[in-house]
Amino acid sequence: MVLIFLLVLLFPNSIVFADEVEDPPYTEYVDSFYYRNGLSLGASTVFKKEQGLGYAGFLESVYENFASENNLGFPSGLDHEVGVVRGVGFLGYRFSDRLVINSELRFDRDLVESRTGEFSVDSAYVDYAVNEKLSLRGGLLLVPMGIVNEFHAPNEYLGTHLALADVDAIPTVWHAVGGGIAGHLSILDYRVYVLNSFNLAGFSINGPRDGREISWDTIKTPMLMMRFDGHLFKGFMLGGGMFFGNSKAFGTLNPTDQKFHTNFQEAHLVLNRAGWIVRAEYAKLYIEPSELLNIALGTSGFNGVGSRMIGGTAEAGYNIFHYKHDGTVLMPYYRAEEVNPQDALPPKSVALGLLKNLTVDHPVFTYGIEYRPIPKLIIKADYQAIHSEKVDYGVNRFNIGVSYIFYDHDFNE
């Protein structure tokens, strides 16, 4: 960040930047200046200002009706839940054509388990535009893995709930401290950051989600994040990302100084064209040597951390009203997904007495419809068939989600 402020002094002249780029229609957002720079609709709002304060946000409420029995025929113990589950505010300030500070603030409420709320800062960073194709960023950054972690507002993904691949594989919302560069050259977009690592002490049979930790320990063991996207033709993006390096496990049952090679890879594609939205992603996370991590964690039985964790999603929707060009949306959609946090349990871990867990391989199928009477009001309803691949104790559910999006400018969807 010190480098960014030095550049402000060295390059004070104004440049053509995002305030000269018009808001894109919803189905063309993948081609927009903002998307190509890793900026969600909310995060991009400050870049539309010539100078001064920019804000945006959304409120999201969900009704969930769980099946009375799981897929094995036993009582599920779940009934109905309804409430406001998420409130997000984007707040930024534009000092000049080159220099912006930006942030995202979030409040989450757990309806089903603890019924508690949690406040977090998802991003807080400085963005300095060297030119129209290159920006320097530093601070608290959203990790650019997959197609949802940076773009997680309800008008940026299909479904009332995030896919399991974006919860248990790529642990959305995932942020880290660091810095790097973002921009685009011709048809290629890129983001290259140095970020703090995972704390592997938080890894479990459920995946890496509790390994997201920002502490001095994880900052001292940085990892490299690289993402590249190709816009091969209008409305189509194909790309991938990798987060890799050596990470450690801090605060484990059996303390260790062992470095674990951690390699997180993902590939994705997005097609937004002629009313169609088609998206897919596949992620893999490798940890070596995983048997030493299990010793440090003191895991036993079916709870061993796998050496490979996977998650994938494919979804499609079609806006029946795409020809209207007034922001009205009526979109049936379908999503198929699967996640397995213990996709591989190597022989050395089995030799420790760990066993393959057959209940954590989850396929889910979602059938739904989205309606927007106006661009900023989003109503979704879907049915989710939730399974376990081998021992099917999943509980199906019907969901209704209602969200309201607001910006400090007119957004033409």
Whether the side chain of [X] engages the backbone of [Y] through a donor-acceptor N/O pair (distance < 3.5 Å, no angle test) should be reported.
{"X": "Ser204", "Y": "Asn206", "answer": "yes"}
{"X": "Asn357", "Y": "Phe302", "answer": "yes"}
{"X": "Lys376", "Y": "Phe406", "answer": "no"}
{"X": "Thr328", "Y": "Lys324", "answer": "no"}
{"X": "Thr256", "Y": "Gln258", "answer": "yes"}
{"X": "Ser61", "Y": "Val402", "answer": "yes"}
{"X": "Arg94", "Y": "Lys49", "answer": "yes"}
{"X": "Gln342", "Y": "Gly304", "answer": "yes"}
{"X": "Asp168", "Y": "Gly207", "answer": "no"}
{"X": "Glu60", "Y": "Val85", "answer": "no"}

Check whether the side chains of [X] and [Y] place a donor and an acceptor atom closer than 3.5 Å, and report yes or no.
{"X": "Arg227", "Y": "His268", "answer": "yes"}
{"X": "Tyr193", "Y": "Arg137", "answer": "yes"}
{"X": "His152", "Y": "Tyr157", "answer": "no"}
{"X": "Gln265", "Y": "Asn263", "answer": "yes"}
{"X": "Ser197", "Y": "Ser247", "answer": "no"}
{"X": "Asp408", "Y": "Thr45", "answer": "yes"}

Inset, instruction - State whether Glu281 and Arg279 are salt-bridged, where the test is any N-O pair (Lys NZ or Arg NE/NH1/NH2 against Asp/Glu carboxylate O) under 4.0 Å. - result: no
Legend entry - salt_bridge(Asp382, Arg335) N-O dist < 4.0 Å: no
Parallel, tilted or perpendicular, as decided by the 30° and 60° cut-offs, for the rings of [Y] and [X]:
{"X": "Phe151", "Y": "Tyr35", "answer": "parallel"}
{"X": "Tyr63", "Y": "Phe398", "answer": "perpendicular"}
{"X": "Phe90", "Y": "Phe58", "answer": "tilted"}

Nearest heavy atoms of [X] and [Y], plus distance in Å:
{"X": "Asn396", "Y": "Ile386", "answer": "OD1-N, 2.8 Å"}
{"X": "Ala316", "Y": "Val278", "answer": "CB-CG2, 4.2 Å"}
{"X": "Ala163", "Y": "Thr313", "answer": "CB-OG1, 3.5 Å"}
{"X": "Ile181", "Y": "Tyr190", "answer": "CD1-CE1, 3.9 Å"}
{"X": "Ser76", "Y": "Ala67", "answer": "OG-O, 2.6 Å"}
{"X": "Gly92", "Y": "Val46", "answer": "C-CG2, 3.4 Å"}

Legend entry - Qualifying residues under side-chain contact (heavy atoms from CB on, under 4.5 Å), relative to Asn70, sequence neighbours excluded: Leu72, Phe74, Tyr393, Val395
What I'd like to find out is whether the side chain of [X] reaches to under 4.5 Å of the side chain of [Y], using heavy atoms alone.
{"X": "Val88", "Y": "Glu104", "answer": "yes"}
{"X": "Asp127", "Y": "Ser135", "answer": "yes"}
{"X": "Ile187", "Y": "Phe233", "answer": "no"}
{"X": "Asn149", "Y": "Pro171", "answer": "no"}
{"X": "Met145", "Y": "Met225", "answer": "yes"}

Legend entry - Residue pairs, two or more places apart or on separate chains, that pass salt bridge (charged side-chain N to carboxylate O under 4.0 Å, His left out) and touch residues 177-206: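 Listed by first then second residue: Arg36-Asp189, Glu150-Arg191.
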Legend entry - Any pair counted as salt bridge (charged side-chain N to carboxylate O under 4.0 Å, His left out), so long as it reaches residues 251-267, sequence neighbours left out: none
Inset, instruction - For residues 204-231, pull every pair meeting ring pair (Phe, Tyr, Trp, His ring centres under 6.0 Å), keeping only residues two or more places apart or in separate chains. - result: none
How long is the straight-line distance from [atom2] of [Y] back to [atom1] of [X], given to the nearest 0.5 Å?
{"X": "Leu352", "Y": "Glu291", "atom1": "CG", "atom2": "CD", "result": "7.0 Å"}
{"X": "Leu345", "Y": "Lys356", "atom1": "CG", "atom2": "NZ", "result": "6.5 Å"}
{"X": "Leu297", "Y": "Leu253", "atom1": "CG", "atom2": "CG", "result": "8.5 Å"}
{"X": "Thr221", "Y": "Asn196", "atom1": "OG1", "atom2": "CG", "result": "7.5 Å"}
{"X": "Thr218", "Y": "Lys220", "atom1": "OG1", "atom2": "NZ", "result": "10.0 Å"}
{"X": "Leu59", "Y": "Ser403", "atom1": "CG", "atom2": "OG", "result": "8.5 Å"}

Counting only pairs under 3.5 Å, give me each side-chain donor-acceptor contact of residues 361-368, with atom names and distances, residues two or more places apart or in other chains.
residue : atom : partner : partner atom : Å
His362  : ND1  : His387  : O            : 3.2
His362  : ND1  : Ser388  : OG           : 3.3
His362  : NE2  : Thr359  : O            : 3.4
Thr366  : OG1  : Gln384  : NE2          : 3.3

Inset, instruction - Please identify each residue that fulfils side chain to side chain donor-acceptor pair (under 3.5 Å) with Tyr404, with sequence neighbours left out. - result: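 Partners of Tyr404 under the side chain to side chain donor-acceptor pair (under 3.5 Å) test: none.
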Legend entry - Ring-ring centroid check Tyr34 Phe47, cutoff 6.0 Å: no
Inset, instruction - Please step through side-chain contact (heavy atoms from CB on, under 4.5 Å) for the pair Val167 and Thr172, ending with a clear verdict. - result: CA-CA 5 Å; Val167 177; Thr172 305; 5.8 Å; no
Legend entry - Identified ring-ring contact (aromatic ring centres under 6.0 Å, His included) counterpart of Phe203 within the set Phe260, Phe250, Phe198: Phe198
